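Take a look at the structure below.
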Amino acid sequence: MHYLISYKSTNWDSVLLPLDDNTLQLTIQVRVHLRKVEPTDRGIFDDLIIDGKGTITDRSSGYKYQANPWTMAEWQDFENEYQKVITNYWDKKFDLVPNRPWYKSSKGLTPAKIVCGLSMDIVKTSPAQAHVALSIFNTRKKPNTFRSFINTTAVPKTGCFNRSDVETDMFSWMPHRYRSESAVSRINGVAHAVDYVRNTAAHEFGHILELDHVGGTGNDMRDYGFNNVDDADTLLGVGRAQSAKFAKPWNQRLRGHLIRQNHEDQLVNFTPTLSTPQMIGYWDNGELIHVGGNLWMLKSLFGL
Ligand SMILES: [Zn+2]
């Protein structure tokens with residue numbers, strides 16, 4: 001089996017390099033252009049309109065948000081945090097393990113595993129040179145932030161983020177604008193009030209890697225995995241755990257790097273595994289009961 005060291009594409013570039021006789025690293029390289037949006041800017045970003053006076057309006061919902069000016073320090077912090085978050089959540093999280101020896105090392109054929117690396121470069125020049133161009137608004141949690149998104153069909157991909165997206169916070173069961181009271185997590189089929197630890201920038205990076213939500217391709221509760229707390233607790237649910245199935249971008253790209261020369265080579269395939277055990281990132285507040293109307297109450301509160 002031969003392999004290509006480097007591979008370039010519109011969605012990302014990648015490099016496959018040996019580390020030792022039993023290990024290679026496949027690094028996906030994503031170039032991201034970050035553009036700061038100031039309140040004096042005017043423009044249309046998908047459904048968001050910014051009017052030049054700092055008011056952001058969501059055309060689909062009618063909701064309004066306030067864009068604040070960026071200080072130099074805030075922008076610097078955002079860039080640094082974004083780099084840190086993406087590396088922490090996505091670099092070297094998976095290994096691709098082969099079913100048989102395939103790699104021609106100095107000691108003969110070995111069943112070398114592939115470490116899945118992620119490197120993100122922030123492009124300062126023009127968005128055209130990036131794989132992803134993100135517009136960042138300085139909106140904070142209070143009074144509210146708009147829902148961040150990535151448009152994966154554009155080339156380069158585009159998206160809008162809030163400054164607070166790099167922060168890790170709790171995604172709570174309590175009703176809020178984007179979530180009805182009936183959107184509760186299920187544990188063994190039973191409704192529970194569950195809080196999740198999450199990071200929006202890390203979740204959205206999954207979409208930049210062309211991953212769908214853990215339970216489907218849409219934005220319904222089922223797509224976020226609420227039918228099963230372990231799914232909901234993943235990065236492409238509403239939590240922060242990695243799942244071996246999110247190694248798909250590496251497993252697919254590896255096929256582009258490998259040059260299979262004979263029948264034996266055709267028999268080689270790789271299984272994605274997690275490189276480290278994942279911590280549980282949710283807190284279960286207990287079972288819920290329906291108390292009429294559209295309200296859900298904690299069962300433990302009433303001792304029922
Ligand atoms: Zn999403």
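In each ligand, atom 1 is the first atom listed, and ligand 1 is the first ligand listed. Along the sequence shown, the residues carry numbers beginning at 1. In this text the structure is predicted, and so the values were computed from the model without any measurement. Only heavy atoms go into these numbers, but all of them, side chains included; no hydrogens, no water, no symmetry mates.
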Next on the checklist: If we check side chain to side chain contact (heavy atoms under 4.5 Å, CB included) with Lys157, which of these qualifies: Val32, Asn151, Thr152, Thr10?
Outcome noted: Thr152
Checklist entry - Roughly how far, to the nearest 0.5 Å, is the NZ atom of Lys64 from the OG1 atom of Thr57? => result 3.0 Å
Checklist entry - Checking ring pair (Phe, Tyr, Trp, His ring centres under 6.0 Å) for the pair Phe45/Phe137: CA distance, chi angles, key distance, verdict? => result CA-CA 11 Å; Phe45 305 82; Phe137 291 71; 5.3 Å; yes
Checklist entry - Passes ring pair (Phe, Tyr, Trp, His ring centres under 6.0 Å), Tyr3 versus His257? Steps please. => result CA-CA 5 Å; Tyr3 63 89; His257 277 271; 8.0 Å; no
Item to check | Sequence neighbours excluded - salt bridge (Lys or Arg N to Asp or Glu O under 4.0 Å) pairs with any residue from residues 219-228 | outcome: none
Checklist outcome for this item: Near the Zn ion (ligand 1), meaning under 2.8 Å, the protein N/O/S atoms are His203 NE2, His207 NE2, His213 NE2
Checklist entry - Are Phe94 and Met120 connected in a single hydrophobic cluster, I mean Ile/Leu/Val/Met/Phe/Trp/Tyr linked by side-chain heavy atoms less than 4.5 Å apart? => result yes
